[in-house]
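Down below is the structure, laid out as structure tokens.
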Amino acid sequence: MRIATGLIVAGTISLLASSAAWSQALPTKPAAAAPAAAAAPTPPPAAAAQPTQPARAACSNPNALGVGRTVEIDTTGGPGFGFEHFKELDFLKEKEVVLTFDDGPWLGNTPAVLKALAEECTTGIFFTIGKHATYYPEILKQVYAAGHTVGTHTWSHQALVNKKLSEDQRKEEIEKGFSAVKWALGGVAPAPFFRFPALQHPPEMVTYLGERNIAIFSCDLDSFDFKASKPQVVIDNVMRKLEKNGKGIVLMHDFHKHTAEALPELLKRLKAGGYKVVAMRAKAPVQTLPQYDEAVIKDLKLPTMSSRPVSSVVTTVSE
Ligand SMILES: [Zn+2]
């Protein structure tokens, strides 16, 4: 924290040349999908200058799906998107789609989704889980570096409608999600785009997000990829619903293997069907709150400047 203040005042934080202030001794990944503890340092940020996000790479595929349109979202007051829950903002034209991916970043599947999007020169919004971002900050950095929009999906994917959670605990789930993603991106704040776990919207948290100027994303059509028995089911679900709705914000999960496997074919089908992908960008990044930035670092345990693997630090010399 002490180190950080000086560095932040001294200059901008570079994503690629991650400063000591945001250095990350990589946490060890959990074996299963369940969130686990992580280890790493970091300080709370001040109002630091944010570097510009890298643009998507130039497209070398003449038959790519591409990006039809890019829209910038002013999140003042916490607008809601996705007709499953919010009816006011009907901004998509016929045949326009927004691709969204929840629950990452995750080993294997998120990189596969990134590869599929890159091959088709297209993009999406990644609603990442804070804890997962602390497990795989390098994967989340790849998402950001590829020019995709990074939003959040709570700290640990708790259902915020759960009455056992106090109001403070609900806020903490939201805020630590943003702070963790900022930590994982080396101090770069994500978009003020948020999706509730299981699309369950407690009214008081919808109000809170409005006060925090964070946009809320439901969806227009759910791929139900988490229930799909194989990739083809994901493709069929999305295409059938799009044909019915004509357009929409599509909910998928970069966390899931079937989705990652389905995506190359799904993107080809979208192109063949005449659909156009719309990129959604935030007008300004989220303003994280210092106490939650600190809380994330505390959760990540003791700061250390060493990122050497345990095998290089601890050697069994007799047994
Ligand atoms: Zn989720």
Side-chain angles (χ1 to χ4, degrees), residues 29-30 32-36 38 80-86 98-114 117 124-137 139-140 143 148-162 164-165 169-181 184 190-202 205-206 208-209 214-229 231 233-234 237-238 241 248-263 266 280 286 296:
K29 310 83 197 141
F81 295 96
F83 269 41
E84 280 208 8
H85 296 90
F86 304 104
V98 175
L99 305 175
T100 68
F101 302 95
D102 290 7
D103 295 2
W106 206 250
L107 268 187
N109 300 333
T110 302
V113 165
L114 292 179
L117 293 174
I125 308 172
F126 289 74
F127 291 100
T128 57
I129 295 175
K131 275 194 176 183
H132 290 182
T134 68
Y135 303 153
Y136 305 117
I139 297 177
L140 191 61
V143 173
H148 305 301
T149 299
V150 177
T152 70
H153 192 44
T154 71
W155 162 246
S156 66
H157 210 265
Q158 293 205 52
L160 299 190
V161 290
N162 183 350
K164 287 181 185 160
L165 295 179
Q169 286 172 318
R170 288 163 213 236
K171 286 179 185 171
E172 186 176 315
E173 271 290 308
I174 293 170
E175 297 292 355
K176 274 175 68 179
F178 281 104
S179 291
V181 166
F193 289 0
F194 178 81
R195 181 175 266 156
F196 284 97
L199 302 182
Q200 294 173 323
H201 303 76
M205 288 300 107
V206 171
Y208 176 71
L209 290 167
I214 293 168
I216 306 165
F217 282 73
S218 172
C219 70
D220 295 317
L221 56 103
D222 194 334
S223 66
F224 285 108
D225 54 352
F226 58 98
K227 290 183 177 169
S229 56
V233 177
V234 181
N237 283 349
V238 172
K241 291 181 180 185
I249 298 171
V250 182
L251 169 55
M252 296 177 280
H253 295 81
D254 56 312
F255 179 73
H256 282 293
K257 190 163 177 276
H258 289 328
T259 309
E261 290 172 352
L263 207 58
L266 175 60
M280 293 181 77
V286 74
V296 165

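For the single chain, residues carry numbers from 1 onward in sequence order. For ligands, and for the atoms within them, numbers begin at 1 and follow the listed sequence.
Taking the six-membered ring where the residue is Trp, Phe86 and His201 present perpendicular rings, their angle passing 60° and hence far from 30°. Below 30°, between 30° and 60°, or above 60°: for Phe193 and Phe217 the angle between ring planes is between 30° and 60°, a tilted geometry.
Panel detail: the Zn ion (ligand 1) has protein N, O or S atoms under 2.8 Å away, 3 in number.
By the side chain to side chain donor-acceptor pair (under 3.5 Å) test, His256 is found to be paired with no residue, residues two or more places apart in sequence or in another chain being considered. In this view, Pro231 and His258, Glu261, Ala262 satisfy the side-chain contact (heavy atoms from CB on, under 4.5 Å) rule, not counting sequence neighbours.
Contact record, Thr154 with Phe194: N-CE1, 3.5 Å, taken as the closest heavy-atom pair.
The salt bridge (charged side-chain N to carboxylate O under 4.0 Å, His left out) contacts involving residues 148-161 comprise nothing, where partners must be two or more places apart or lie in separate chains.
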